[in-house]
Structures are given as structure tokens and as C-alpha cells.
Trainee: 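Questions regarding the structure given below will be posed in turn.
Order of appearance sets the numbers: ligands from 1, and atoms from 1 within every ligand.
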Amino acid sequence: MSEKTISWEFAPAPEDSRLAMIAKRYEHFIGGRWTPPSEGKYFQTRNPATARKLSEVAAGSAADIAKAVEAARLAFRGPWGNMPARERGKFLFRIARLMQERSRELAVTETLDGGKPIRESRDIDIPLAANHFFYYAGWADKLDYAFPNRRPRPLGVAGQIIPWNFPLLMAAWKIAPALACGNTVVLKPAETTPLTALKLAEILAEAGLPAGVVNIVTGAGATGAALVEHDDVDKVAFTGSTAVGKVIQKTLAGTGKKCTLELGGKAANIVLEDACIDQAVEGIVNGIYLNQGHVCCAGSRLFVQEPVYEEVLWKLKRRLDTLVVGDPLDKNTDIGAINSREQLTSIRHYLKVGLEEGAAIYQPDCQLPSRGYFCPPTLFTEVAQSFTIAREEIFGPVLAVQTFRTLSEVIEKANNTPYGLSAGVWCDKGARLFQVTDALDAGVVWGNSYNNFDPTSPFGGCKESGFGREGGLHGLAAYLDI
Ligand code: ADP
């Protein structure tokens, strides 16, 4: 299918899986202790690159959630609530330093449990997670300066539910600001990627964090629902699908509990005719392929202005031919494993629908591993706005390409989606860049870059992509009564 332009092969450079030091079994982390599940049930977590079992973790019941919320309430009333803010900040610093010390172990664990390339977990997930703790450590004793003329107060017990695409990073995004503001936490990691959150529990204990300040209860959707429904939770923070976000919002309606939701997306990545094309192509690849498309802000809709369409497409296809798909532990790998069998099935369904609806497909000739869950980078052209692949979130390495002539046309097309999480614009002229970015309905818009994250910068969506911000000063407001 593809005209191969690159012929070299890299020698394998696998990271050592033994560095992960994964235990055979993990229990809940409640009140500072490893606590067996009340119903005695455990479930397996698997390596999606091999489909082999890695470990088994406790299946959380409503009783386990109740125990964790009680521990969090006690810590809020007691040691954590009474601790001077400066001392709270020191704990956050300590946690960040310990994460750095164990960064290689955490990176390998993240890659084994979730399937993402080691390059991504080593260079993005783990350092950024530690940076969130460093950043919010600095805020802990400066909340009065963050919100002048107010008296910011913690909310109490925060129930936090996170997805499988950035397991440790999402835990850090949620836990660090909550603690900096003086709240206590019950965290429910995703069922397919619980391991780094459990290693974070080890780090919290090692840092000497008082018992009950952070509790981690593992389980699937029902465990998350029990946390949302618990009466003594003051705030729910959720990152995940729009469908579950809507259920959570219905459950919380009228309860007075605070809520922030970071949900799905169908981001537009827009290349204007005067853009630096080579840079834009790298940004497109970074936006949708290097992370298996496993990002809610993935640039999954590409809009290219007609005069540069042929050039962008030619360069993009050549770049796709060079991407290395395979063993996530290999340092050369660009695209790792799809997170689960269910997710791969869902992506394959969209590939079929794209073809049935009349789009043209391009996939490079790459040999996929015989075991595990893998999907080649995929490009669809001849796509209409109405096609399912241009409307629905696929959460895989699948790009739908469309063209446009005028700025008003692309703004209308880009905004024609129920989502509003993120977007990207590639353009040489600052004034035009801002003309487009200002007109896009999205919480985050990258100009001449994509998927750049920083703890100081708020992230979050509008429309059906949710509300509330994580990161930066805005991220503090989500955990305070101001
Ligand atoms: P994804 O499609 O990314 O897996 P989900 O929204 O299904 O997104 O899952 C995100 C997180 O929400 C996971 O931790 C999952 O266990 C949890 N979850 C799923 N269903 C519910 C629910 N009804 N209430 C609360 N949490 C849920």
C-alpha cells in the first residue's frame, strides 16, 4: 500500500521489564494501610502488548469506598486539616522527589500496564506527574495570594476518578492540587491501569503523609459510581468518557457537591496555507499517532487549506511510513499497544465504518506483533463532515482529513462538534493565528505546536467536553471554597 522511502531498521533497544518490580497482588490503600477488599474479590491487570497477566488488584465494593471516605474525613478533621499550609507544601515536595527517584520503575510499570511506548512514559508521563507535585507544593502556603481579598477554604473530601490513558499523570493532576489546598482524597484508578497509582501509594507512605490523607480504592465502573454516590464526599473530579460524565452529573444534581469533569474530544488540527509544513506534519503526528490516539485532546480531525493539501498529505504519508509500531518497552517504538482488547475492537469498528461510508484509507506497511493489541497508524481522506469517523471520538491512531478554502469555512467546520476540549492551528502570521484560535470553541488551543503540557497552564474543555480546569492557578480554584 505504501511507497517505502526509509529502508533502515533499528536494532531492538528494550527497557528491562524487571525494573517495574510489580507485586503479585495489590490491596486497597486505605487509612495508610494495605487493606483487603471487603468482598475478598480481585481482578487481573494485563500487559496489552502481550495479553499476559501482570498482577491482580482488589475489586472495590461500596463498603470499601465507605471505609476510604471515612478515613479521608478523619484525616481532614485531624492531622491534615490542622497542619500549617507550609508543612503541607513540604509533603508535596517530598512526594515529587520520591517520584523522581523511582522514575524508571514508574515508567516501566506504566508502559507494561498501559501499552504506551517507554519513550512517552519516560519523557512525558512521569516527569510531568512529578512536576505537578513540585508546582502545587509551591502554592500550598500562598493560597491567600492566589485569591486576594478572599478567604480560600478547602472543600473537604475529594472523590477522584481517572482514566487509563495517563494513569500516573492523571493521579498527579488530581491529587497534587487537592492536597495543596488542604483537602483529603479518595482516588479510583482505571481498571486496566491501576499499578502506578498503587506505586504512588507506596511513595505517599514513604513520604510519611499522614494516614487517610490519600486513599486509593481499585475497581471498575461500579466502584467509581459508589464513590460519586457517597454522601460524605464534598467534591467529585472525573476524567473519562462523556457518557459516564453525564451519568455523574445527573447523580450529583441537587446534592450541593462540587464537580469538575474532563471528558471526550474530537479536536481539530488546522493547517493554513502559509504554515511551515514540515513543522505542522510533526505536530500532526505528535497529536494523533505518537500516543496511539489515546488522548482526549488528540488532534483527530485534520483540516488542510486547499493550496497545501497535496504537499501536507504527501509528507504525512512519508512520515507515517517511518513510524515504528511494536514493543512498547523498546526505546525505538513510536506507537505502542492499544490499551485493551475492547478498545482495539472499538477502533477496528470505526475503521470498518470509515470504509463503508466511503472514505479512502492509508496505512503504512508495518508488521504488527503477533501477540497483544496493536493498530497501525491510519489516515482517512475523502472524508465528509457527516462521516462517523469525523464526528465520534475513536481514541485510536486514526486521523480523518478534510480540506477547506477560507478561514470562516474552517472555523465553522471545526466548531461543528458537540465537543470543545482542544484544537491546534498552524500558521506563519500571528494575526491570522489569533483570528482562528479566538474563534474556536475549545478549552485549549495550541498555536504552531500540539499536545504541549505544563503544570502552570490550565487544561479543560467546554460544551460536552466538560467544565472546570486542571493545572495552573485555575486548578486551585477547583479545590477551594473561595
Ligand atoms: P474510558 O472510555 O476512557 O474507559 P470511562 O468513562 O468508561 O472512560 O472510564 C473512566 C473512569 O471512570 C474509569 O476509572 C472507570 O472505571 C470509571 N467509571 C466507569 N463508569 C463509571 C460510573 N458509572 N461512575 C463512576 N465512574 C465510572
Trainee: Return each pair, listed once, that meets side-chain hydrogen bond (donor to acceptor under 3.5 Å, both in side chains) where at least one residue sits in residues 192-214; pairs must be two or more places apart or across chains.
Mentor: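 The answer is Arg102-Glu202, Arg102-Glu206, Glu105-Lys199, Glu110-Thr196, Thr192-Asn339.
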Trainee: Kindly determine whether Tyr450 and Trp446 satisfy ring pair (Phe, Tyr, Trp, His ring centres under 6.0 Å), including the steps that lead there.
Mentor: CA-CA 6 Å; Tyr450 207 92; Trp446 286 287; 4.8 Å; yes
Trainee: Around ligand 1, what residues show up once you keep those with a heavy atom under 4.0 Å from it?
Mentor: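 Lining ligand 1 at under 4.0 Å, by heavy atoms, one finds Ile161, Ile162, Trp164, Lys188, Pro189, Ala190, Glu191, Ala220, Gly221, Gly224, Ala225, Phe238, Thr239, Gly240, Ser241, Val244.
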Trainee: Using distance only, find each side-chain donor-acceptor pair of residues 159-168 under 3.5 Å and give its atom names and separation, not counting sequence neighbours.
Mentor:
residue	atom	partner	partner atom	Å
Gln160	NE2	Lys174	O	2.9
Gln160	NE2	Tyr479	OH	3.0
Asn165	ND2	His294	O	3.2

Trainee: Check whether any side-chain N or O of Glu56 sits under 3.5 Å from a backbone N or O of Gln44 as a donor-acceptor pair, and report yes or no.
Mentor: no
Trainee: Hey, does the Lys NZ or Arg CZ of Arg469 hover above the aromatic six-ring of Phe459, less than 6.0 Å from the centre and inside 45° of the axis?
Mentor: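 No, Arg469 does not lie over the aromatic ring of Phe459.
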Trainee: Tell me the side-chain hydrogen bond (donor to acceptor under 3.5 Å, both in side chains) pairs involving residues 255-268, sequence neighbours left out?
Mentor: Lys235-Thr260
